[in-house]
Amino acid sequence: MSKRDLKLKIDELSSPLGTFKGLEIEVGRIFEEEWEEPVGPTPFPSVGTLRSWDRKLLNRYKPFYMPFCDLCCLCTFGKCDLTGDKRGACGISLAAQQSRIVLIACCIGASTHTAHARHMLDHLLEEYGRDAPLDVAMNTGVEAPHIRLVCGIRPKTLRDLEDALDYVETQLVQLVGATHTGQEGDNIDFESKAFHAGMLDHVAMEAADIMQIATLGFPKGDPEAPLAELGYGTIDPTKPVIMCIGHNVLPSVDIIDYMMENNLFGEVEVGGLCCTAHDMSRYNKGSKIIGPISWQLRFIRAGIPDIIVVDEQCLRTDVLEEARKLGVPVLATSEKSCLGLPDRTSEDADAIVNDLVTGSADGALVIEPRKVGEISVRTAIGVRNRRGEKTFDLGELSELAKKCRNCLECVRACPNNLEIAATLQSAKEGDYEPLASLYDLCVGCGRCESACPVDLPIISMITKASQKQIATEKYKMRVGRGAIQDIEIREVGQPIVFGEIPGVVALVGCANYPAGGDDVARIAEEFLKRRFIVVTSGCSAMNIAMTRDEEGLNLYEKYPGNFDAGGLVNVGSCVANSHITGAAIKIANIFAKRSLRANYEEIADYIYNRVGAVGLAWGAMSQKAASIAAGCWRLGIPVVVGPHGSKYRRMLLGRKENEEDWAVYNARDGEQVYVGPVPEHLFYAAETLEEAIVMISKLVMRPNDTNKGRAVKLSHYIDLHKTYYGSMPDDLHLFVRRQADVPFTMRDEIMAALEEKGWVEDMIASPDPTLLDRMVRRRA
Amino acid sequence: MSAKTILGQTAEIAGPKKAFVIPKPEVAASMIKRAKRPLLVVGSESLKAKTVDGDLIDTAIRLGKKAGITVVATGHMVREFRNRNAEGVHSMPLMNLGDRLRDPNWKGFDGEGQYDLVVFAGLPYYLEWLVLNGLKHFAAGLTTISFDASYQPNASWSLGTMREEEWKEVIDRIASILEEAA
């Protein structure tokens, strides 16, 4: 770190000028320079600092808007109809309005992670002090690539992270301000601001994750981080069960600590859903991971938890109502999600436990983590004793199903149009198999129930019909390891940049899948078998665990956890996504020795042209996913989403046939040369899993690929295209630069295809690629 | 609300400009016949959509062969066409296609220029809804038609919502008229 506050307080000072009492002198920050790396051109960039870089990308990847709403209803001039070329009362166009909504989504996402980071930091500063060191990964000197790159500071202690968060918070206010009526009016400038929000988000996520790694004893970049238990079947419902939902691990940490201190581990089950579960398992692998976000309703309805502890983000906002039906108390632990519960933080724990156990209160807000630990465990034990046997009795399913009028409202309410009504018709006859078959496909949103005119508890019925399957759901998941070690980057930097490791595929994000979570595991395995590096986080990391091969092994049991070809790297929760982009930054810094400090454009330019990384958020749902993606875009990393990702309402698409779009500078001589459409898109929604797989294999190509590297990438692209499309790709002529790029084993076939397209060798250049004029070393 | 305009997904409510309901198969067939450069887009749910010919893939093959309409498969559906020995079917991801259909300078699959009428069929409802809305606003002059069994409000013209058996008959009738006219 390079800055320090100076604060001088003098009670009484006598001087020739007179006597001063209660004198305070405060000097903002003193630059404590001990980092030899010079400050780059963009320390603490403001909203417009990187605008020209964004415009270079956005000129190549033009937004394709698919409005989710044709109106604007943000001010009292409206509603305004923005159809076609109409303008709103403030003058805004539909294109600008779409980008504005994208920016708002990215601000929400980035603010959520930032608020999470700030909350943790305030707490950890109290617990561990300002000087707690940031030791975040083994064999690692670059502890915080995003903070170094964006802010130009090198954090060494917890206190240093305040500077990063102060900066992010200030910028987010600027961005939200830009969305007010009568501010920004240009769609591309809105897009640039969305990129800015994304960049800020990765800074905040990084701060959040390294502070919890450094203080809570999480794995420090350990490829052999332990395997934790995951799945519904890992929880013993006969014991008191604490169910933690959300993303902020602090309350769960104190629950686990209380259990340890009182020798209750093993007597009481503690399980988590969503990212809290990830971070609980990083804290103590004995905690259970129940599953991804989509399992909330099912698990509650099954009556298993004896207390539900919610922290923040991705909670079902009706959790209190659901819990109330079962007589299970809810403990809210964050001011961001009070759920209407009374704040009892300052009350005696005994009184709160008594009220929750007896049922005289159905929940409480307690924002002091230590107290949450004690209350949760004692309440779970008390409620368990009160409840007796846990039953999940819906009566006879067929009788319940007979109420169904087959009106199809459930089908129309379902995000995936699942054939719910048809399965209920079978259930009427006592055939529950079709109903059970929905279990793996259902995202658990419960919209079907809201729509049902006879109030059938459809989610509960699906869960009941699947009880046998659910009981056997026990998997192993390698707990989140956190950052990628510098030493690993040194090993793989060259093969990634030269293209010999075919690519890095990051399977991240939420569980809003079009056809179940198994798809994520299928995609992961396709690339693992091909010796890509597969990185994962969040709900996707959980779903990857939930398929087994014939020998009963899942992907975590079959593939190593190191950041190398064929490695399956679970970095952890949402905020750990920063380590994935952080690894790309570290490749530029550690392998290529590019200066990192406040040098955003150059590093992003390096990643964009050289690092074959692609993100896939197959079930992307949230605004956080939007801002995480936006942070990838600004770094030049393409992101593919599943079909529901189209609801983010705009894509950033390249046009591969427009040669003029794909010119770069050759840094050796300044000449502008055509390098082909690599990577073709920056943000892209795939309709099917097969399409996504083929597109990812194409998006890993970069202008800097060596001949050998391009041949490796092409061989995968062609092979996957043949597998899933049944033919050779028809655009090979845009990716083969010279004969040396052609995979040897496919030579005749490829050359014939190229000839058909009139391909000429060296039409596509292999320069030292850059989009930045200032990176040209010598002019021809 | 007319039963014909019941949405395939409850909350996918359109803006002020909504699709006209195609009153009878002859109208749809007539629009396609009159188009100079019609295009049929066949999506990933085509295998689930059973028709008189078998499924939507079979019907698309029939329209491509006998009515001379250019057919493009989205997702990975081109494999299904190849498995059924259908020649001349193009393949393009839906996002790429939507992006090109809004560009008046796109040369089309044959290099002859932009299409003037595009028929969508067999796509996930919400995905088609969104792409059609992108085209409604940003592809001036392009006529879009939805052959879904559920009303698609963002098309220029859409079949009304109907039961499966009725839908099969309507699709078959449209295909038959186009065959006869070819």
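Below, chain A is the first sequence line, B the second, and so on; all start at residue 1.
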Open item on the list: Looking at Asp99(B) and Lys62(A), is any side-chain nitrogen of the basic one under 4.0 Å from a carboxylate oxygen of the acidic one?
Closed with: no
Task: chain A contacts, top residue of Ser91(B), Gly134(B), Ala73(B) (heavy-atom pairs, under 4.5 Å) - done: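 Highest number of heavy-atom pairs under 4.5 Å: Gly134(B).
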Task: Leading residue by heavy atom contact count with chain A [cutoff under 4.5 Å; candidates Pro93(B), Gly43(B), Pro124(B)] - done: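 Greatest number of close heavy-atom pairs with chain A: Pro93(B).
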Please classify the contact of [X] with chain B as side chain, backbone, both or neither, using a heavy-atom distance under 4.5 Å.
X         : result
Ala95(A)  : both
Lys647(A) : both
Ala685(A) : both
Lys656(A) : both
Pro729(A) : neither

TODO: Hey, could you give me the CZ/CG distance between Phe109(B) and Asp730(A), rounded to the nearest 0.5 Å?
DONE: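 Phe109(B) CZ to Asp730(A) CG: 9.0 Å, rounded to 0.5 Å.
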Open item on the list: Nearest 0.5 Å, please: how far is CE in Met66(A) from CG in Leu135(B)?
Closed with: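 Output value for this atom pair is 10.0 Å.
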Which heavy atom of [X] sits nearest a heavy atom of [Y], and at what distance?
X         : Y         : value
His76(B)  : Tyr724(A) : CB-O, 3.5 Å
Thr83(A)  : Pro16(B)  : OG1-CD, 3.9 Å
Leu408(A) : Arg163(B) : CD1-NH1, 3.9 Å

Task: Neighbours of chain A found in residues 77-85 of chain B - heavy atoms under 4.5 Å - done: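 The residues closer than 4.5 Å to chain A, in numerical order, are Val78(B), Arg79(B), Arg82(B).
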Task: side chain to side chain donor-acceptor pair (under 3.5 Å) involving Arg34(B) - partner list, sequence neighbours excluded - done: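 Counting only residues at least two positions away or on another chain, Arg34(B) forms a side chain to side chain donor-acceptor pair (under 3.5 Å) with Ser30(B).
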Task: Sequence-distant partners of Arg655(A), side chain to side chain donor-acceptor pair (under 3.5 Å), two or more places apart - done: Glu657(A), Asp103(B)
Task: Selection residues 106-116 of chain B - residue pairs positive for salt bridge (charged side-chain N to carboxylate O under 4.0 Å, His left out), sequence neighbours left out - done: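 Output for this query lists Arg37(B)-Asp110(B).
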- [ ] Find out whether Glu691(A) and Leu94(B) are in side-chain contact, i.e. whether some heavy atom of one side chain is under 4.5 Å from a heavy atom of the other.
- [x] no
Task: Distance-only polar pair, side chains of Asn96(B) and His681(A), donor-acceptor under 3.5 Å - done: yes
Open item on the list: I'd like to know whether the aromatic ring centres of His644(A) and Tyr126(B) sit less than 6.0 Å apart in this structure.
Closed with: yes
